[in-house]
Amino acid sequence: MRVLITGAAGFLGSHLCDRFLAEGYEVVGMDNFITGHPDNVAHLMGRPDFRFIQHDVTNYIYVEGPLDGVLHFASPASPVDYLEQPIPTLKVGSLGTHKALGLAKAKGARFLLASTSEVYGDPQVHPQPESYWGHVNPVGPRGVYDEAKRFAEAMTMAYHRYHGMQTRIVRIFNTYGPRMRPGDGRVVSNFIVQALRGDPISIYGDGSQTRSFTYVDDLVDGIYRLFHSDRVEPTNIGNPNEFTVLELAERVLAQTESSSALDRLPLPEDDPKVRQPDITIARAVLGWEPRVELEEGLQRTIPHFRRLVEGHDAGARTLAGAADAAAPV
Ligand code: NAD
Ligand code: UDP
């Protein structure tokens, strides 16, 4: 069995490569490094069951040989990244999804789309079941990501209905763990790096907004199960344990034994006030349940950031390839 994983040099894509390889799959990883980094797949290079192709998936995708699956994870994912790269984000969600679906169709492969809890926008239903259509501002700054993913879901369902393709859609909720970029701007990375350096913790707004944090191994396990299941409709995968941003800051400070102060900064436009997955379907259909709670997940994640903070300047953003990727817009 052989799968293509787009976004393979990113945080989630690289963990997914590890899991499929561990299960005996051959894996082709593809990435243009706009927000990912070769370091994330360096440990796989040279393996006979792994091949890496540097390519922008918004252009025609060519992969030699058979494929049984295409898992489309390529896309900037952190708000800081997609606000800096709005047009590449729209293109990878639309053109990139179209190319990845076309490749899967040509190869007779099963397709899995990495979608997001952001399709629910700033939700008016809480927690969010898959049946909720969401509350998204299409013309706000976050619209470039939210609408790209909503379009990608629509395109995936159209390929399923019109071409009879085997498709899967995972709606991923805030996930954290080793291999996140220290400068990616997401709340977990920011808080841990700030705490380790003794810098002020950047609380946006009053910190009462909530998120539900999933440890990467739990997420990957849910995706692996979904890929092998019969479920076509979108499926939430996320840990339903909900925290305010202030609670997260307190946990990070305690676990890093940091005395950083809290710094209040303006709340970004359209920042969702609450987010919590309803995982009734994942439980029932996939037999999936998150196992790693926040305290243990942070314990596994903090050493990754500690190494980077002690090794280099963690404030430096590793947007390798960003200039190239922006050129063809
Ligand atoms: P990431 O930025 O670490 O990884 C994304 C990868 O996609 C990067 O390596 C990037 O270089 C690559 N990429 C982007 N555009 C590309 C293109 N045009 N061609 C080839 N490669 C391209 O982000 P992540 O957290 O690993 O997210 C992976 C996927 O999961 C994304 O689709 C994201 O929307 C989705 N997701 C993630 C989360 C989360 O909490 N991490 C939540 C919801 C959805
Ligand atoms: N946030 C924060 N400080 C930071 C980064 C983020 O208070 O340094 C808040 C942000 O406003 C949001 C939450 O943390 O309410 C999660 O932000 P993140 O960028 O991780 O992802 P989102 O869930 O918004 O996509």
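Every number for a ligand or one of its atoms is a count from 1 in the order of the listing.
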Please confirm whether the backbone N or O of [Y] pairs with a side-chain atom of [X], one donor and one acceptor, at under 3.5 Å?
X    : Y    : value
Q209 : V245 : no
W288 : D218 : yes
T156 : A152 : yes
R168 : S229 : yes
S78  : D184 : yes

Which residue and atom name correspond to the protein heavy atom nearest [atom], and how close is it?
atom                    : result
atom 29 (C) of ligand 1 : F73 O, 3.2 Å
atom 27 (O) of ligand 1 : A77 CB, 3.5 Å
atom 40 (O) of ligand 1 : T175 N, 2.8 Å
atom 15 (O) of ligand 2 : D271 OD1, 2.6 Å
atom 4 (O) of ligand 1  : G10 CA, 3.4 Å
atom 5 (C) of ligand 1  : S75 O, 3.2 Å

Could you pull out the closest heavy-atom pair between L67 and A109, with the gap in Å? O-CB, 3.4 Å
Closest approach of Q194 and I201, non-hydrogen atoms and distance? OE1-CA, 3.3 Å
Select the closest option to [atom] among [options], judged by heavy-atom distance.
atom                    : options               : answer
atom 25 (O) of ligand 1 : R179, R186, R211      : R186
atom 1 (N) of ligand 2  : F191, F173, Y82, Y204 : Y204
atom 8 (C) of ligand 1  : I5, L219, T35, T89    : T35
atom 20 (C) of ligand 1 : K99, H72, H55, M30    : H55
atom 17 (C) of ligand 1 : V188, L12, N32        : N32

Run the numbers for me: atoms of ligand 1, each under 4.0 Å from some heavy atom of [X], listed by number.
X    : value
V92  : 15 (N), 16 (C), 17 (C), 18 (N)
G36  : 8 (C), 9 (O), 10 (C), 11 (O)
N174 : 40 (O)
K149 : 31 (C), 32 (O), 33 (C), 34 (O)
I34  : 10 (C), 11 (O), 13 (N), 14 (C), 15 (N)
G7   : 6 (C), 7 (O), 12 (C)
S115 : 43 (C), 44 (C)
A9   : 9 (O)

Does a salt bridge link [X] with [Y], judged by any charged N lying under 4.0 Å from a carboxylate O?
X    : Y    : answer
D221 : R19  : yes
R251 : E247 : no
E153 : R150 : no
R231 : E233 : yes
E118 : K149 : no

Before signing off on this row, confirm whether [X] and ligand 1 have an N or O atom pair separated by under 3.5 Å.
X    : result
T58  : no
H37  : no
S117 : no
V57  : yes
D56  : yes
I172 : no

By number and element, which atoms of ligand 2 are closer than 4.0 Å to a non-hydrogen atom of [X]?
X    : result
N174 : 21 (O), 22 (P), 23 (O)
R275 : 22 (P), 23 (O), 25 (O)
E118 : 25 (O)
R186 : 19 (O), 20 (O)
N190 : 4 (C), 5 (C), 8 (O)
I203 : 7 (O)

Anything under 30° is parallel, anything over 60° is perpendicular, the rest tilted; go ahead and classify H228 against F20. parallel
Please verify the inter-ring angle class for Y120 with Y132; under 30° counts as parallel, over 60° as perpendicular, anything in between as tilted. parallel
Among V57, V27, V63, I53, find the residue that satisfies the side-chain contact (heavy atoms from CB on, under 4.5 Å) test when tested with L4.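 Result: among V57, V27, V63, I53, V63 is the only option passing the side-chain contact (heavy atoms from CB on, under 4.5 Å) with L4.
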Is it true that [X] lies under 4.0 Å from ligand 1, counting heavy atoms only?
X    : answer
T6   : no
Y145 : yes
G96  : no

Taking atom NE2 of H55 as the centre, report whether more than 12 heavy atoms of other residues, nucleotides or ligands fall under 6.0 Å from it.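 Counting neighbours around NE2 of H55, more than 12 heavy atoms of other residues, nucleotides or ligands fall under 6.0 Å, so yes.
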Below a 4.0 angstrom heavy-atom separation, can you tell me which part of R142, side chain or backbone, both or neither, approaches ligand 2? side chain
Go through V309 and V193 one step at a time and tell me if the side-chain contact (heavy atoms from CB on, under 4.5 Å) criterion holds. CA-CA 7 Å; V309 167; V193 170; 4.2 Å; yes
Checking side chain to side chain donor-acceptor pair (under 3.5 Å) for the pair Q276/T210: CA distance, chi angles, key distance, verdict? CA-CA 8 Å; Q276 184 187 29; T210 68; over 6 Å; no
I want to know if ligand 2 touches S202 in the polar sense, i.e. an N/O pair below 3.5 angstrom. yes
V245-ligand 2 polar pair, N/O distance under 3.5 Å: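 Among all N and O atoms of V245, none is under 3.5 Å from an N or O of ligand 2.
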For S78 and ligand 2, answer yes if some heavy atom of the residue is under 4.0 Å from a ligand atom, otherwise no.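 S78: no contact with ligand 2 (<4.0 Å).
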As a quick check of understanding, evaluate side-chain contact (heavy atoms from CB on, under 4.5 Å) for L219 and F173, giving each step before the final call. CA-CA 9 Å; L219 178 85; F173 284 66; over 6 Å; no
Would you kindly specify which portion of F33 sits under 4.0 Å from ligand 1, judged on non-hydrogen atoms: side chain, backbone, both or neither?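 Only the backbone of F33 comes within reach of ligand 1.
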Quick one: pull up CD1 in I34 and CG in D31 and give me the separation to the nearest 0.5 Å. 9.5 Å
Look up atom CZ in R181 and atom CG in L308, then write down how far apart they are to the nearest 0.5 Å.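 If we round to the nearest 0.5 Å, R181:CZ and L308:CG are 11.5 Å apart.
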